[in-house]
Amino acid sequence: QSVLTQPPSASGTPGQRVTISCSGSSSNIGTNYVHWYQQLPGTAPRLLIYRNNQRPSGVPDRFSASKSGTSASLAISGLRSEDEADYYCAAWDDSLSGWVFGGGTKLTVL
Amino acid sequence: QVQLVQSGAEVKKPGASVKLSCKASGYTFTNYYIHWIRQAPGQGLEWMGIINPTGGSTTYAQKLQGRVTMTRDTTSSTVYMELSSLRSDDTAVYYCARSSGYSELLDYWGQGTLVTVSS
């Protein structure tokens with residue numbers, strides 16, 4: 001059971017916009033930054049969004065994210081087949097003194 | 001460029017120990033913490049702990065206290081993670097990742113090491 005809650009799956013057709021939610025608590029998302037990772041099949045997670053809504057260089061601006069209270073969301077616009085991957089939210093948890101992750105959302109591009 | 005290169009796959013029997021390595025390059029080793037995160041087959045990510053390469057201080061996830069030990073060798077810019085009393089549910093891909101601060105984002109990850117625990 002993951003500390004952060006994500007929907008297990010999401011889907012969309014090419015060109016569509018999809019959003020993935022992430023719910024936590026006051027000890028993690030409520031107090032600390034949320035980061036998002038993309039994991040392509042058979043590869044390590046890759047930083048996609050950091051500090052709630054910042055994109056590392058090389059990440060297309062089709063990816064955006066936001067945070068409000070104890071929840072966060074990732075949005076992908078102009079969906080492409082190469083976006084098919086697992087997406088994880090992550091935050092530092094002050095109560096656990098460690099990183100907590102969502103269970104991951106498998107994005108399918110139909 | 002920043003690289004975290006991990007050791008190869010391991011197969012262990014229940015009750016044994018495994019020691020994995022994570023060799024850093026492309027940055028100043030002592031300026032970044034190293035974390036270990038694992039992912040069981042088809043499952044999500046689980047944080048295991050953190051080591052400060054400067055002094056070697058560690059913090060472990062409560063669930064793994066007593067079974068996990070993280071060490072470092074500054075001369076080779078390598079961090080090690082040893083997990084003892086292995087069980088079948090320790091079967092997972094183990095990743096190392098770095099952060100610039102204790103609770104800062106995990107910006108670069110190793111390629112992962114598959115550990116299979118089977119009799």
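None of these values were measured; they are calculated from a predicted model. Letters A, B, ... are given to chains in the order of the sequence lines, protein chains preceding strands, and every chain is numbered from 1.
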Any chance the side chains of B:Q39 and A:Y88 put a donor and an acceptor closer than 3.5 Å? yes

Given heavy-atom pairs under 4.5 angstrom as the criterion, report whether the side chain, backbone, both or neither of B:I37 touches chain A. side chain

Begin with the C-alpha distance, continue with both residues' side-chain angles, and end with the deciding distance and a verdict on side-chain contact (heavy atoms from CB on, under 4.5 Å) for A:V18 and A:D83. CA-CA 11 Å; A:V18 298; A:D83 298 334; over 6 Å; no

Going by the salt bridge (Lys or Arg N to Asp or Glu O under 4.0 Å) test, which pairs reach into residues 88-110 of chain A, not counting sequence neighbours? none

Report the C-alpha distance between B:S21 and B:T78 in whole Å, list the side-chain angles of each, state the deciding distance to 0.1 Å, and finish with yes or no for side-chain contact (heavy atoms from CB on, under 4.5 Å). CA-CA 7 Å; B:S21 66; B:T78 302; 3.9 Å; yes

Tabulate, in ascending numerical order, the residues of residues 97-104 of chain B having at least one heavy atom closer than 4.5 Å to a heavy atom of chain A, or enter 'none'. B:Y102, B:S103, B:E104

Taking B:L106, B:T59, B:I50 one by one, which has the highest count of heavy-atom pairs under 4.5 Å against chain A? B:L106

What disulfide (SG to SG under 2.5 Å) pairs are there with at least one residue in residues 81-110 of chain A, not counting sequence neighbours? A:C22-A:C89

Heavy-atom cut-off 4.5 Å, strictly under: side chain, backbone, both or neither for A:R46 against chain B? neither

For A:Q6, which atoms come within 4.5 Å of any heavy atom of chain B: side chain, backbone, both, or neither? neither

Taking atom CD of B:Q1 and atom OG of B:S25, what is their separation to the nearest 0.5 Å? 7.0 Å

As an exercise: rank A:P56, A:G104, A:A91, A:S97 by heavy-atom pairs under 4.5 Å with chain B and give me the winner. A:S97

Can you pull out every ring-ring contact (aromatic ring centres under 6.0 Å, His included) where at least one residue sits in residues 7-43 of chain A? Sequence neighbours excluded, please. A:H35-A:W99, A:Y37-B:W109

Test log, rule side-chain contact (heavy atoms from CB on, under 4.5 Å), inputs B:V18 and B:Y94: CA-CA 11 Å; B:V18 69; B:Y94 289 74; over 6 Å; no

